[in-house]
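Worksheet: the structure to be examined is printed underneath.
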Amino acid sequence: MSNAHDRIILPADKMPTQWYNPQPDLPTPLAPPLDPETHEPVTPDQLGVIFPTSLIEQEMSQDRWIPIPQPVLDAYRLWRPTPLIRARNLEKAIGAKCRIFYKDESVSPAGSHKPNTAVPQAYFNMTEGVKRLSTETGAGQWGTALSFACSQFGMDCTVYMVKVSYEMKPYRQILIRNYGSTVHPSPSELTRTGAEMLRRDPGCKGSLGLAISEAVEDAATHDDTKYTLGSVLNHVLVHQTIVGLETEQQLAEQGLKPDHLVGCVGGGSNFAGLVLPFLRRKLDGENIHFVASEPRACPSLTRGEYRYDYGDMARLTPLMKMHTLGHAFMPAPIHAGGLRYHGDAPILCNLMEEGLIDARSYFQTDCFDAARLFLQTQGFLPAPETSHAIKAAIDVAKEAGPDENVVFLYSGHGMLDLASYDAYLKGNLDNFELPQSDIDNALKECPQI
Ligand SMILES: *Cc1c(COP(=O)(O)O)cnc(C)c1O
């Protein structure tokens, strides 16, 4: 293969026009979401308080293929299809015998994979007459993505941003406000949940779970407002499958197939978007290794318990069956803010229980080392979240055979995360190894089902 093929670009007319929904193909059906009070399966009517009908239908759909509406395709074309790039310099630097490719989702307006679901979520809400969307954001990428999407469809947007990220990463909230959205550091005084937390702990730096509680409360208490989630839910994972579907075509164009698919996991949406389109091939016996990478400071897949838990701290969301560290778990303030979530997507956890996913966890300094190597070889600066995928891809590539293909998902760029890289260079990054007693204590608060 010559260098001419190092950037594999899909022609615009080859962009997928349907998302893949894995639900009909799961070896065991998903455990249903449960009402947090009665513990009965939630009804579409209950979900209708915070979500539009079309997204609830997608959440529960058993259709394998879901058409992408034309206005969503038009918005996707602002940056899609995204390139698949051969990381030849990185291969050389680590002495890999295999090929390494990365699917570059950093080229989107928000700089990450998140607009892939923000755009359809804003669009489907708009078609049902919703005027404003509320949401939470960790590192700020989801808030940026949703703000971009709302600006495309003339909608208002309110973002609750985890306070530690609001303070460590001020540039994202500036970007969010420039798109035309409103952003509040969470915990805030604007919701009952936020005010209560500030009363108990005035110095609270927040968590994704807490910010979710605030955003859900905002939507539930305003008629013109619905809630959006940037990860975890089935419909979010479905929207992200455009990533894996494009990757499949791009590799096939070169006569290649993937042997290892690698991604980082916060709530699981970018990783799922890459691997799910290959699920049927794996179940049919093709040897494709799915590798999930998460922070050792927030190890939900590798050390969490598979059980029903709330999606948020205030216990407002339905109960979901997932690998969880407990909704009361407060992760250490690592720089990969987008990976600080106590649970994981139920679809991903279902596959994990089937033994279909190899999950690994890494310290943040090792991930920053990998990110810096990527910067110095391939030239681009990855997001701290993405550095977890790079670290795992390097580990996998070092063990892979000569003709194998390692494909990792480059979930976002790090150009607004320079303060984290500064702390890294100054040796100011801490590694957090979580004592089992912390996990045990947080799990005690999970509902008994
Ligand atoms: C949000 C985010 C993640 C983690 O979220 P997932 O739902 O697990 O994909 C990873 N990388 C980047 C750049 C992000 O913005």
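Each ligand, and each atom within it, is numbered from 1 in the order the structure gives.
- Among the atoms of Q141, some N or O lies under 3.5 angstrom from an N or O of ligand 1.
- Polar contact check, A383 against ligand 1: no nitrogen or oxygen pair lies under 3.5 Å apart.
- Protein heavy atom at the shortest distance from atom 4 (C) of ligand 1 is G338 O, 3.5 Å.
- Remark: R132 engages D218 in a salt bridge, criterion side-chain N to carboxylate O under 4.0 Å.
- When non-hydrogen atoms are compared, ligand 1 lies under 4.0 Å from the side chain of L339 (C-beta onward) but not from its backbone.
- With respect to atom 15 (O) of ligand 1, the closest heavy atom belonging to the protein is K114 NZ, 2.5 Å.
- The existence of a salt bridge linking E353 and K321 is excluded, since no basic side-chain nitrogen approaches an acidic carboxylate oxygen closer than 4.0 Å.
- Checked by distance only, ligand 1 and F271 stay at 3.5 Å or farther apart across all their nitrogen or oxygen atoms.
- Set against the non-hydrogen atoms of S269, the atoms of ligand 1 under 4.0 Å away are 6 (P), 7 (O), 8 (O), 9 (O).
- Salt bridge absent: R307 and D309 never bring a charged side-chain N and a carboxylate O closer than 4.0 Å.
- Using a 4.0 angstrom heavy-atom cutoff, Q240 does not count as in contact with ligand 1.
- The pair R281-E248 meets the salt-bridge criterion, since a charged nitrogen lies less than 4.0 angstrom from a carboxylate oxygen.
- Only the backbone of V265 comes within 4.0 Å of ligand 1, counting heavy atoms alone; no side-chain atom from C-beta on gets that close.
- Checked for salt-bridge contact, K14 and E246 miss the test: no charged N lies under 4.0 Å from a carboxylate O.
- Close approach of ligand 1 to G412 is summarised as follows: ligand atoms under 4.0 Å from at least one heavy atom of the residue are 13 (C).
- Shown in contact with E385 at under 4.0 Å from a heavy atom are these atoms of ligand 1, numbered in order with element: 10 (C), 11 (N), 12 (C).
- Taking a cut-off of under 4.0 Å to the non-hydrogen atoms of S231, the atoms of ligand 1 that pass are 6 (P), 7 (O).
- Close N/O approach between G230 and ligand 1 is not found [any backbone or side-chain N/O within under 3.5 Å].
- Among all heavy-atom pairs drawn from P299 and L434, the shortest one is CD-CD2, 3.7 Å.
- A cation-pi arrangement, defined by a distance under 6.0 Å to the six-membered ring centre and an angle within 45 degrees of its axis, is present between K282 and F290.
- The nearest protein atom to atom 12 (C) of ligand 1, hydrogens excluded, is given as S411 OG, 3.4 Å; this is a heavy-atom distance.
- In summary, the side chains of S147 and S181 do present a donor paired with an acceptor at a separation below 3.5 Å, with no hydrogens or angles considered.
- A salt bridge is defined here as a Lys NZ or Arg NE, NH1 or NH2 lying under 4.0 Å from an Asp or Glu carboxylate O, and E445 with R315 meets this definition.
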